[in-house]
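Every number for a ligand or one of its atoms is a count from 1 in the order of the listing. One is the number of the first residue; the rest follow in order along the sequence.
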Amino acid sequence: MNGSIQNDKYIDDREIDRQLKIAGQVKSILSADERFSDVSPKYYIQTLGCQQNEADSERIAGLCALMGYEATEDPSKANIIFVNTCAIREHAEIRAISFIGEYKHIKDKDPSVIIGVGGCMVTQGHRADKIKHGMPYVNFVFDTGSIHRIPELTLSALRGQKRRFLTEGKFGIAENVPFVRKAPHLAWLSVMYGCNNFCSYCIVPYVRGRERSRRADDILKEARHLVESGAKDITLLGQNVNSYGKDTGEGVDFADLLRKICRIDGDFKLRFMTSHPKDASDKLIVAMAEEEKIAKHFHLPVQSGSDRILKAMNRHYDVEKYMSIIEKLKKSVPDVSITSDIIVAFPGETEDDFRKTLDLIDEVKFDALFSFIFSPRTGTPAARMSDQIPKEVSRERFARLLDLANPISLERNSRFVGRTLRVLAEETGKNDPSQITCRADSPRPIHISGPKDLIGNFINVKITKAETFSMNGEIINEV
Ligand code: SAM
Ligand code: SF4
């Protein structure tokens with residue numbers, strides 16, 4: 001280990017080894033169980049929320065595989081069920097609670113089923129308490145810092161020991177936890193965890209701890225392994241990737257890291273999210289412009305077009321600064337796709353503030369917007385602000401925002417019609433299984449017809465039609 005690095009932010013390798021050994025014990029118990037003499041025990045993971053949760057679920061899956069469980073897509077066939085929860089908005093919490101309730105019915109039929117609940121929602125003490133006292137069928141709860149302890153939790157549950165609640169809020173980096181990816185060609189790669197920004201509306205710093213970057217060498221090793229095992233599209237993850245490396249003492253910032261990953265041999269695309277405008281550097285924009293492997297897509301959440309609201313949100317930039325980044329981006333990276341997040345009806349937002357947000361959207365012309373109605377999160381400053389916006393006003397503003405943003409998205413997607421793009425054939429169409437969903441640099445899905453064995457390959461596709469949220473295309477040839 002590099003001596004200049006703060007090693008205390010890492011979970012001790014010996015603890016990870018201990019958990020991996022316990023996984024072996026679980027496997028032995030399961031293989032001695034006559035219920036599993038003909039069929040393997042099964043795991044099911046319900047993942048809610050963002051890409052970070054998706055990446056965490058890949059770790060949960062990796063640990064399940066090590067314990068001898070096989071994946072199932074059907075929760076009613078599972079012997080162990082995980083709900084990986086989200087807390088970013090109330091709606092996500094309601095969904096998590098409803099899933100847990102649904103799995104209770106499965107357990108009613110077979111009391112040996114183990115239910116584990118993890119993720120951001122249960123990292124909040126009041127939510128973990130609710131499960132402790134109101135959902136006795138949940139065997140264990142693990143916060144976002146305790147995923148590596150799933151083998152220990154599973155072993156306790158299998159032995160019928162008392163329910164466990166790991167909600168200590170210790171957020172270290174756990175290296176060497178195995179993972180199982182949903183598809184070999186698509187990969188999440190966490191470069192850092194947590195957040196220091198404390199935007200006044202956001203629960204993330206409370207449920208994922210302070211910012212901690214992984215060592216560049218560990219990330220490169222993982223990236224190399226991903227490429228060698230068939231990854232064609234790698235998305236680097238962090239709540240604020242632009243501040244990557246501030247705590248490693250290695251002198252490698254995010255733009256340097258991107259360039260190092262681009263030097264890995266192989267045909268792959270590199271994406272990243274999320275960038276915070278206060279830290280988006282010129283160096284990063286230059287790296288995107290120069291490096292062929294970096295997808296020309298920048299997700300830069302603005303949240304509001306009003307300086308007054310940005311200040312109340314504790315975002316540390318103003319509209320002028322945001323627009324200057326957008327200008328540089330458009331100038332330096334031709335044909336770049338720009339996407340953003342917006343919060344509508346933040347406490348105290350006036351009609352004038354909201355109009356400024358609409359003006360900004362109209363000026364930037366985002367390829368896609370992820371817009372959310374403000375949702376008060378217990379424990380955050382914005383939830384305590386007195387001037388909350390009535391529901392009717394939020395809904396009306398939200399609808400007006402979509403009325404503006406959707407035609408812009410359609411117009412942006414239309415620029416590709418008639419062009420041939422190099423795309424990755426990602427997966428079978430979700431709405432139409434006869435189709436394949438592909439992706440070029442723009443994050444918008446492109447639907448094509450074609451043989452399923454193209455999935456996982458780069459192909460050339462001519463865009464034939466643009467819709468608001470997707471495009472249609474036809475295969476030109478495989479490349
Ligand atoms: N770290 C990223 C950033 O700062 O842009 C985003 C993290 S968050 C998972 C994704 C988006 O959820 C945010 O950009 C914001 O628009 C939205 N969000 C976060 N807290 C919210 C809240 N309390 N109510 C509504 N939307 C919220
Ligand atoms: Fe939340 Fe702000 Fe951190 Fe993003 S930067 S995770 S919005 S606190």
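Of all atoms in ligand 1, numbered sequentially from 1 with element shown, those under 4.0 Å from a heavy atom of F374 are 24 (N), 25 (C). Atoms of ligand 1 lying under 4.0 Å from any heavy atom of P301, numbered from 1 in the order shown and given with element: 5 (O).
I88 counts as a contact of ligand 1, since one of its heavy atoms falls under 4.0 Å from the ligand. Note on ligand 1: I373 sits in its first shell, one or more heavy atoms being nearer than 4.0 Å. Residue contacts with ligand 1 do not include H91, since none of its heavy atoms lies under 4.0 Å from the ligand.
The nearest protein atom to atom 11 (C) of ligand 1, hydrogens excluded, is given as D341 OD2, 3.4 Å; this is a heavy-atom distance. When only non-hydrogen protein atoms are considered, atom 15 (C) of ligand 1 lies nearest to Q303 OE1, 3.5 Å. Ranking protein heavy atoms by distance to atom 7 (S) of ligand 2, first place goes to Y201 OH, 3.4 Å. Protein heavy atom at the shortest distance from atom 3 (C) of ligand 1 is T274 CG2, 3.8 Å. Residue, atom and distance of the protein heavy atom nearest to atom 4 (O) of ligand 1 are R315 NH1, 3.2 Å. Nearest protein neighbour of atom 12 (O) of ligand 1, counting heavy atoms only, is R89 NH1, 3.2 Å. Looking only at heavy atoms of the protein, atom 20 (N) of ligand 1 is closest to Y201 CD1, 3.3 Å. The protein non-hydrogen atom at the shortest distance from atom 7 (C) of ligand 1 is Q239 OE1, 3.3 Å. The nearest heavy-atom contact from the protein to atom 24 (N) of ligand 1 is S375 N, 3.0 Å.
Heavy atoms of R377 found under 4.0 angstrom from ligand 1 belong exclusively to the side chain.
Using modelled atom types, no side-chain atom of R271 and backbone atom of H297 make a donor-acceptor pair closer than 3.5 Å. A donor-acceptor distance shorter than 3.5 angstrom exists from the side chain of R308 to the backbone of G348, with no hydrogens or angles considered. Of the possible donor and acceptor atoms, none in the side chain of S146 sits under 3.5 Å from a partner among the backbone N and O of R149. For the pair T144 (side chain) and G119 (backbone), a donor-acceptor distance under 3.5 Å is absent. R415 places a side-chain N or O within donor-acceptor distance of the main-chain N or O of D335, the cut-off being under 3.5 Å.
Around atom 2 (Fe) of ligand 2, protein N, O or S atoms at a distance under 2.8 Å total 1; waters are neither shown nor counted.
Electrostatic pairing of K283 and D253 counts as a salt bridge here, judged by a charged N lying under 4.0 Å from a carboxylate O.
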* Asked: K182 and E427: salt bridge (Lys or Arg N to Asp or Glu O under 4.0 Å), yes or no, with the steps?
  -> CA-CA 10 Å; K182 274 204 177 135; E427 57 186 358; over 6 Å; no

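Relative orientation of the H276 and Y317 rings is perpendicular, given thresholds of 30° and 60° on the angle between their planes. Relative ring orientation between F99 and Y103 is described as parallel, the plane-to-plane angle staying below 30° on a 0-90° scale split at 30° and 60°.
R127 and T378 form no side-chain donor-acceptor contact under 3.5 Å, judged by distance and modelled atom types alone. Side-chain contact annotation: N84 with T47, donor-acceptor N/O pair under 3.5 Å absent. In this structure, a donor-acceptor pair under 3.5 Å is present between the side chains of T350 and D353.
Relative to the ring axis of Y10, R215 places its NZ or CZ within 45° and under 6.0 Å from the centre.
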